[in-house]
Amino acid sequence: MRKPVIIAIVATLLLLVSARLGWQRYQDFLQTPLAIPPGGHVYQLEHGAGGASVVQQLERSGFTRVGWEWKVLMRLEPRVYQAGEYRLEAGLRPRDLLDLLASGQVIQYRVTLVEGWTFREVLEALNGNEVLEHQLAADDPATLSGLMGALGIAHPEGWFLPETYQFTRGDSDVDILTRAHIAMQRALEQAWAARLPELPLRTPYELLTLASIIEKETALDEEREQIAGVFIRRLEKGMRLQTDPTVIYGLGDGYDGDIRSRDLKTDTPYNTYTRHGLPPTPVAMPGRASLFAAARPAPGDTLYFVADGQGGHSFSTTLEEHQAAVRKMLGKAQ
């Protein structure tokens, strides 16, 4: 056998062995988890970042090393990566990583707006969230005016549906409020469409206002329709609503946690002891249950209610019955 032929055969064998070893090394690479710590790692993929920059960042974090294996994987299995914040878990392998970054399954955060919160309390909760971007401040009228203008509302109170909202890093407080406002519009439309035809409420906004009072008066679902019934009958009879939450709202920063007799006599646009009808705006964020209670109050003839000292209320038809219930409640409180 001629020498060139022998050399060619040897070279071919070496190539086959090298290819075999390289292929085995590549397979080992695919099956070897990245060096992510047991607690996982939060990774931010920037817009426009490619596979090479991803691997370089992971190498700087000590999770992998830049090598030809990554290049082969990204060439054989091309992907379009989605920017965002991802949680990398221990045990993640190279192909899993690239699948994750292409999936768009970024970290989801949550913020909860609670039933009965005022708009100021909502802003405080959003401002205290460390992930959200902050574009609003309670003491900045310009940003609040811009928000209300964008949403098409004259007053922000009550216009945001209390629920838990998911968001991702990069979302802002304005994004959350916009979604909450759209959700409230839909819930209010549904409640208005389901309302009893004889209600003395002229607009959906009046229903929203009444629902906000119901929300502040009780946390018990089984009482909402009863309380709504009391307020509706009072409106029908021309009686004042005489509800403490509206007085408290009218006091603003002057409310120190106790409502006094002089507060009930101090006239403000929100004092339903001194003024007839509904207050000019909602006094808090009502939930769906309160919206539908305002739309479909319980029938009956009760006109009064007072706390029963056990988390609920006692309902009365006459003033005499109500005064007796008040004396009973005060006796329990002593």
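These figures come from a predicted structure and were not determined experimentally. Position 1 is the first residue of the sequence, and the numbers go up from there.
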Least distance between heavy atoms, Met184 atom then Gly158 atom: CE-O, 3.4 Å

Side-chain donor-acceptor pair present, Asp175, Ser172, cut-off under 3.5 Å: yes

State plainly whether the residues Glu59 and Arg65 are in salt-bridge range, i.e. N to O under 4.0 Å. no

If only atom types and distance count, is the side chain of Thr218 paired as donor or acceptor with the main-chain N or O of Leu220 below 3.5 Å? yes

Hey, is the main chain of Thr243 close enough, under 3.5 Å, to the side chain of Thr272 for a donor-acceptor pair? yes

May I have all residue pairs that pass salt bridge (Lys or Arg N to Asp or Glu O under 4.0 Å) and include part of residues 265-275, sequence neighbours excluded? Asp267-Arg275

With a 6.0 Å cut-off on the ring centroids, do Phe119 and Phe160 count as close? yes

Would Arg234 and Tyr304 count as a cation-pi pair here, with the cationic atom under 6.0 angstrom from the ring centre and within 45° of the axis? yes

Do the ring planes of His313 and Phe305 sit parallel (below 30°), tilted (30 to 60°) or perpendicular (above 60°)? perpendicular

Whether Arg296 side chain and Glu225 backbone form a donor-acceptor pair below 3.5 Å: no

Rounding to 0.5 Å, atoms OG (Ser61) and NE2 (His41) come to a distance of 4.5 Å

Lys/Arg-Asp/Glu bridge criterion (N-O < 4.0 Å) met for Arg25, Asp28: no

Only one of Arg87, Glu85, Gln57 forms a side chain to side chain donor-acceptor pair (under 3.5 Å) with Tyr43, so which one is it? Gln57

Does the Glu215 side chain pair with the main chain of Ala211, one donor and one acceptor, at a distance under 3.5 Å? no

May I ask you to decide if Leu136's main-chain N or O and Asp173's side chain share a donor-acceptor pair within less than 3.5 Å? yes

Short question: side chain of Thr203, backbone of Glu206 - any donor-acceptor pair under 3.5 Å? yes

Straight-line distance of Tyr255 OH to Asp244 CG, nearest 0.5 Å: 8.5 Å

Glu121 side chain to Thr118 main-chain N or O, any donor-acceptor pair under 3.5 Å? yes

Give me the atom names and distance for the closest heavy-atom approach of Val283 to Tyr249. O-CD1, 3.4 Å

N-O pairing of Asp99 and Arg79 below 4.0 Å: yes

Flag if over 12 foreign heavy atoms under 6.0 Å of CD, Gln108: yes

Atom CZ of Arg260 with >12 non-hydrogen neighbours under 6.0 angstrom: yes

Would you check if the side chain of Asn271 reaches a backbone N or O of Leu264 as a donor-acceptor pair within less than 3.5 Å? yes

May I ask you to decide if Asn129's main-chain N or O and His134's side chain share a donor-acceptor pair within less than 3.5 Å? yes

Do Glu163 and Arg288 meet the salt-bridge criterion of a basic N to acidic O distance under 4.0 Å? yes

Flag, side chain of Arg224 to backbone of Ala289, donor-acceptor distance under 3.5 Å: no

